[in-house]
Student: 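Got a structure for you, questions after.
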Amino acid sequence: KTLEQKICIVINGPNLYYALEDEETSKKFFRLALLASSVVCCRVSPKQKSDVVALAKKYGKWITLSVGDGANDVPMIMTAHIGVGIRGKEGTQAVRSSDYAISQFRFLKKLLLVHGRWGYRRVSWL
């Protein structure tokens with residue numbers, strides 16, 4: 001199904017708790033999130049970040065990628081198929097638990113668009 005208007009979802013930690021409370025509600029939240037142009041989860045706990053990624057892995061057939069820069073992002077990075085840690089002022093815990101590490105957020109574009117394409121082409125050739 002599609003919507004005639006574009007929507008954006010902004011949800012905070014306490015409301016996300018209720019959205020992920022049981023199987024039926026989390027599935028409805030996920031289907032609504034797929035219709036949105038963007039979904040912003042603000043003021044959420046590390047466990048909730050991990051739960052959102054696990055929800056995408058459970059109901060989607062795509063590869064998940066998580067980007068984090070601090071210790072509070074480690075569970076989310078570990079849950080995703082691919083984890084990217086950004087070295088920063090918050091320490092190196094995200095970098096140590098990630099699959100890829102970058103020094104600054106601006107390097108993410110090149111990592112995804114250039115190196116991601118190269119990697120995709122390498123594994124798609126027989």
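Positions are given from 1 along the sequence.
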Student: Atom NZ of K6 and atom CG of L35: how far apart are they, to the nearest 0.5 Å?
Tutor: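 K6 atom NZ to L35 atom CG measures 13.0 Å (nearest 0.5 Å).
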Student: So if you build clusters from Ile, Leu, Val, Met, Phe, Trp, Tyr with side-chain heavy-atom gaps below 4.5 Å, do Y120 and L112 land together?
Tutor: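 Each belongs to a different hydrophobic cluster.
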Student: With a 4.5 Å limit on heavy-atom distance, are the side chains of Y100 and L111 in contact?
Tutor: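 A side-chain contact exists here, since the closest heavy-atom pair is under 4.5 Å.
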Student: Measure the shortest side-chain to side-chain distance between Y17 and S45 over non-hydrogen atoms and say whether it is less than 4.5 angstrom.
Tutor: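 No - every pair of side-chain heavy atoms lies 4.5 Å or more apart.
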Student: Name every donor-acceptor pair, under 3.5 Å, that has one atom in a side chain of residues 7-15 and the other anywhere in the protein, sequence neighbours excluded.
Tutor:
{"residue": "N12", "atom": "OD1", "partner": "N15", "partner atom": "N", "Å": "3.3"}
{"residue": "N12", "atom": "OD1", "partner": "N15", "partner atom": "ND2", "Å": "2.8"}

Student: Identify every side-chain donor-acceptor pair in residues 81-91 under 3.5 Å, counting partners at least two apart or on other chains, and give the distances.
Tutor:
{"residue": "H81", "atom": "ND1", "partner": "T64", "partner atom": "N", "Å": "3.0"}
{"residue": "H81", "atom": "ND1", "partner": "T64", "partner atom": "OG1", "Å": "3.1"}

Student: Locate the shortest heavy-atom distance separating S98 from I77; write the atom from each residue and the value.
Tutor: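 Here S98 and I77 meet closest at CA-CG2, 3.8 Å.
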Student: Drop me the distance from S66's OG to D99's CG, to the nearest 0.5 angstrom.
Tutor: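 Nearest 0.5 Å value for the OG-CG distance: 10.0 Å.
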Student: Count the heavy atoms belonging to other residues, nucleotides or ligands that lie under 6.0 Å from CD of E24, then report whether that count exceeds 12.
Tutor: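 Count not over threshold, so no.
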Student: Using every non-hydrogen atom in the two residues, find where F30 and A56 come nearest and quote the distance to one decimal.
Tutor: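 That would be CE1-CA, 3.7 Å.
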Student: Same cluster for L55 and V44 if Ile/Leu/Val/Met/Phe/Trp/Tyr side chains link at under 4.5 Å?
Tutor: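 Yes, L55 and V44 fall within the same hydrophobic cluster.
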Student: Quick one: does T25's side chain have a donor or acceptor within less than 3.5 Å of a partner on E21's backbone?
Tutor: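 Not at all, since once roles are kept as given, no pair shorter than 3.5 Å links the two residues.
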Student: With the 4.5 Å side-chain cut-off for hydrophobic clustering, are W62 and V52 part of the same group?
Tutor: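 Yes, it is one cluster - the side chains of W62 and V52 are joined through contacts under 4.5 Å.
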Student: Do the side chains of K28 and E23 get close enough for a salt bridge, i.e. N-O under 4.0 angstrom?
Tutor: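 Answer for the salt bridge query: no.
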Student: Looking at every heavy atom in both G68 and A94, which two are closest together, and how far apart are they?
Tutor: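 Shortest heavy-atom contact: O-CB, 3.8 Å.
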Student: Using modelled atom types only, decide if a donor and an acceptor are shared between the side chain of K49 and the backbone of V74 within a distance under 3.5 Å.
Tutor: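 Judged by distance alone, no pair lies under 3.5 Å.
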Student: Mind checking whether V67 and M76 sit in one hydrophobic cluster, side chains of I, L, V, M, F, W, Y counted as touching below 4.5 Å?
Tutor: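 They do not share one cluster, since no chain of ILVMFWY contacts under 4.5 Å joins V67 to M76.
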Student: With a 6.0 Å cut-off (strictly less than), is the heavy-atom count around CZ of F105, excluding the residue itself, greater than 12?
Tutor: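 Atom CZ in F105 is not packed in, count stays at 12 or less.
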Student: According to a hydrophobic-cluster definition based on side-chain heavy atoms being under 4.5 Å apart (Ile, Leu, Val, Met, Phe, Trp, Tyr only), do Y59 and L16 belong together?
Tutor: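 Yes; tracing contacts between hydrophobic side chains, which count when under 4.5 Å, links both residues.
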Student: Does any non-hydrogen side-chain atom of V114 lie less than 4.5 Å from one of W118?
Tutor: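 When only atoms from C-beta onward are counted, V114 and W118 do touch, with a gap below 4.5 Å.
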Student: In Å and rounded to the nearest 0.5 Å, what is the CG to CD distance from N72 to Q93?
Tutor: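 So the gap between those two atoms works out to 9.5 Å.
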Student: Which heavy-atom pair separates A54 from T79 by the least distance, and what is that distance?
Tutor: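 Closest pair (atom of A54, atom of T79, distance): N-CG2, 3.9 Å.
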